[in-house]
Engineer: 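Got a structure for you, questions after.
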Amino acid sequence: MKILERKYLLLSLNFISCEIFIDWANDKILKNNYRFNSEKFVELAGLNKSIHSDCESVKKLIYELIIKENKEFNINNQNVIKPLLALLKKKAKLVIQKRLDIFSFLEIVDSINYLYKNPNWLENLNYFYSSIQDSDNPTIDSIPMLKNEIIVFLNK
């Protein structure tokens, strides 16, 4: 996946804000990066983040830039989903190793679930997010059913 495709995915999953993307775009323009020297990219970089620009219009401009280079790009393509699943598996391993908290992991699962509208490849992981939100500092050991679901997900 190319950098703009990754940024688009991160924006779509709400992992980064439009303001962060605009800062990144401004940085690329200021450094005279030839790969990002297009009218639409300059338009993106020039958006005023202080007026809390409409994130959908930012995503639309990014998508137009992506399609210009890669007409095959689609968020549902396997070349987008495979790296996303690989990332999710890395995060799942960190949860099992107790190096990532459950809430952070389940927020990622929830974002993916929302973007892809309940994908079957997440199995039952997405059901745990709402059930543990009221819990005080849950651990992976305190929720054995979640640990089992993560192990099932990792073994796919």
Side-chain angles (χ1 to χ4, degrees), residues 1-28 35-36 44-45 47 49-67 69-156:
M1 244 190 320
K2 296 182 179 177
I3 186 82
L4 276 178
E5 294 169 356
R6 286 193 305 261
K7 294 288 184 185
Y8 180 77
L9 186 60
L10 290 171
L11 273 170
S12 298
L13 290 168
N14 295 320
F15 290 170
I16 63 171
S17 67
C18 288
E19 289 82 9
I20 290 173
F21 179 83
I22 292 169
D23 283 343
W24 176 81
N26 279 319
D27 185 53
K28 295 296 176 197
R35 290 183 58 221
F36 300 102
L44 273 169
L47 289 174
K49 62 181 181 174
S50 65
I51 59 171
H52 212 64
S53 47
D54 179 24
C55 204
E56 288 306 313
S57 60
V58 171
K59 286 183 206 173
K60 184 179 179 205
L61 284 169
I62 298 169
Y63 189 74
E64 289 173 10
L65 283 168
I66 292 169
I67 293 299
E69 276 189 40
N70 179 4
K71 294 186 184 341
E72 304 295 315
F73 178 79
N74 185 321
I75 208 153
N76 292 312
N77 283 354
Q78 286 301 311
N79 63 345
V80 175
I81 293 174
K82 282 183 182 180
L84 191 58
L85 282 173
L87 168 81
L88 195 57
K89 285 190 177 192
K90 285 180 187 175
K91 298 296 183 185
K93 287 176 186 174
L94 292 174
V95 169
I96 296 292
Q97 296 168 355
K98 300 176 187 167
R99 293 174 48 204
L100 179 68
D101 69 286
I102 295 171
F103 285 119
S104 298
F105 174 70
L106 290 176
E107 282 177 351
I108 295 168
V109 170
D110 189 55
S111 294
I112 293 169
N113 186 50
Y114 178 76
L115 180 64
Y116 286 97
K117 298 175 180 41
N118 299 317
N120 62 355
W121 33 270
L122 288 180
E123 294 295 324
N124 297 322
L125 289 175
N126 52 346
Y127 298 116
F128 287 95
Y129 186 61
S130 59
S131 66
I132 70 162
Q133 284 183 337
D134 298 330
S135 304
D136 290 332
N137 201 17
T139 65
I140 192 68
D141 295 327
S142 67
I143 310 171
M145 288 176 58
L146 174 60
K147 187 174 185 176
N148 290 340
E149 286 299 324
I150 291 174
I151 291 169
V152 167
F153 173 71
L154 284 171
N155 290 326
K156 282 184 156 185

Engineer: Phe105 pairs by side chain to side chain contact (heavy atoms under 4.5 Å, CB included) with which of Leu94, Asp110, Ile150?
Structural biologist: Ile150

Engineer: Looking only at heavy atoms, what is the nearest atom pair of Ile102 and Thr139, with distance?
Structural biologist: CD1-C, 3.1 Å

Engineer: State, with a plain yes or no, whether a side-chain heavy atom of Ile20 is found less than 4.5 Å away from one of Leu10.
Structural biologist: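 Contact flag for Ile20/Leu10 side chains = no.
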
Engineer: Distance from Glu5 atom CD to Asn79 atom CG, nearest 0.5 Å?
Structural biologist: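 Going from CD on Glu5 over to CG on Asn79, the span is 7.0 Å.
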
Engineer: Please step through side chain to side chain contact (heavy atoms under 4.5 Å, CB included) for the pair Ile22 and Asn26, ending with a clear verdict.
Structural biologist: CA-CA 6 Å; Ile22 292 169; Asn26 279 319; 3.6 Å; yes

Engineer: For the residue pair Leu9 and Phe15, establish whether any side-chain heavy-atom pair is separated by less than 4.5 Å.
Structural biologist: no

Engineer: Are Val95 and Leu146 side-chain neighbours, meaning at least one heavy-atom pair lies under 4.5 Å?
Structural biologist: no

Engineer: Distance from Leu87 atom CG to Leu13 atom CG, nearest 0.5 Å?
Structural biologist: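 Spacing of CG (Leu87) from CG (Leu13) equals 9.0 Å.
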
Engineer: Search all heavy atoms of Leu11 against all heavy atoms of Ile16 and return the closest pair with its distance.
Structural biologist: CD2-O, 3.5 Å

Engineer: Side chain to side chain contact (heavy atoms under 4.5 Å, CB included) for Phe153 and Leu88? Distances and angles first, verdict last.
Structural biologist: CA-CA 10 Å; Phe153 173 71; Leu88 195 57; 3.6 Å; yes

Engineer: Looking at Tyr8, I'd like to know if the NZ or CZ of Lys59 sits under 6.0 Å from its six-membered ring centre while staying within 45 degrees of the ring's axis.
Structural biologist: no

Engineer: Enumerate the salt bridge (charged side-chain N to carboxylate O under 4.0 Å, His left out) contacts for residues 91-102, please, sequence neighbours excluded, ordered by first and then second residue.
Structural biologist: Lys98-Asp141

Engineer: Tell me the closest heavy-atom pair linking Trp24 and Lys7, and the distance in Å.
Structural biologist: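 Nearest heavy atoms, Trp24 then Lys7: CE2-CE, 3.6 Å.
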
Engineer: Distance-only, no hydrogens or angles: does the Asn14 side chain make a donor-acceptor pair with backbone N or O of Ser111 under 3.5 Å?
Structural biologist: no

Engineer: Would you say OH of Tyr114 has more than 12 non-hydrogen atoms from neighbouring residues, nucleotides or ligands within 6.0 angstrom?
Structural biologist: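 Count not over threshold, so no.
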
Engineer: Nearest 0.5 angstrom please: Ile3 CD1 to Ile66 CD1, how far?
Structural biologist: 10.5 Å

Engineer: Indicate the atoms forming the closest heavy-atom contact of Ile67 with Phe73, along with that distance.
Structural biologist: CD1-O, 3.8 Å

Engineer: Could you state the interatomic distance from CG (Asp23) to SG (Cys18), rounded to the nearest 0.5 Å?
Structural biologist: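 If we round to the nearest 0.5 Å, Asp23:CG and Cys18:SG are 11.5 Å apart.
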
Engineer: Any heavy-atom pair between the side chains of Phe128 and Val109 that's under 4.5 Å?
Structural biologist: no

Engineer: Start with the C-alpha distance between Lys2 and Asn70, add both sets of side-chain angles, then the distance that settles side chain to side chain contact (heavy atoms under 4.5 Å, CB included), and finish with yes or no.
Structural biologist: CA-CA 10 Å; Lys2 296 182 179 177; Asn70 179 4; 5.6 Å; no

Engineer: Less than 4.5 Å apart, any side-chain heavy atom of Leu61 and any of Glu64?
Structural biologist: yes

Engineer: For Lys89, does the NZ atom sit with more than 12 other heavy atoms under 6.0 Å from it, leaving out its own atoms?
Structural biologist: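 Atom NZ in Lys89 is packed in, count exceeds 12.
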
Engineer: In terms of heavy-atom contacts, does CD of Gln97 have more than 12 from other residues, nucleotides or ligands at under 6.0 Å?
Structural biologist: yes

Engineer: Nearest heavy-atom pair of Tyr116 and Ile75: which atoms, and what distance?
Structural biologist: OH-O, 2.7 Å

Engineer: Walk me through it: do Lys82 and Leu85 pass the test side chain to side chain contact (heavy atoms under 4.5 Å, CB included)?
Structural biologist: CA-CA 5 Å; Lys82 282 183 182 180; Leu85 282 173; 5.8 Å; no

Engineer: To the nearest 0.5 Å, what is the distance between CZ on Arg6 and CG on Leu84?
Structural biologist: 13.0 Å

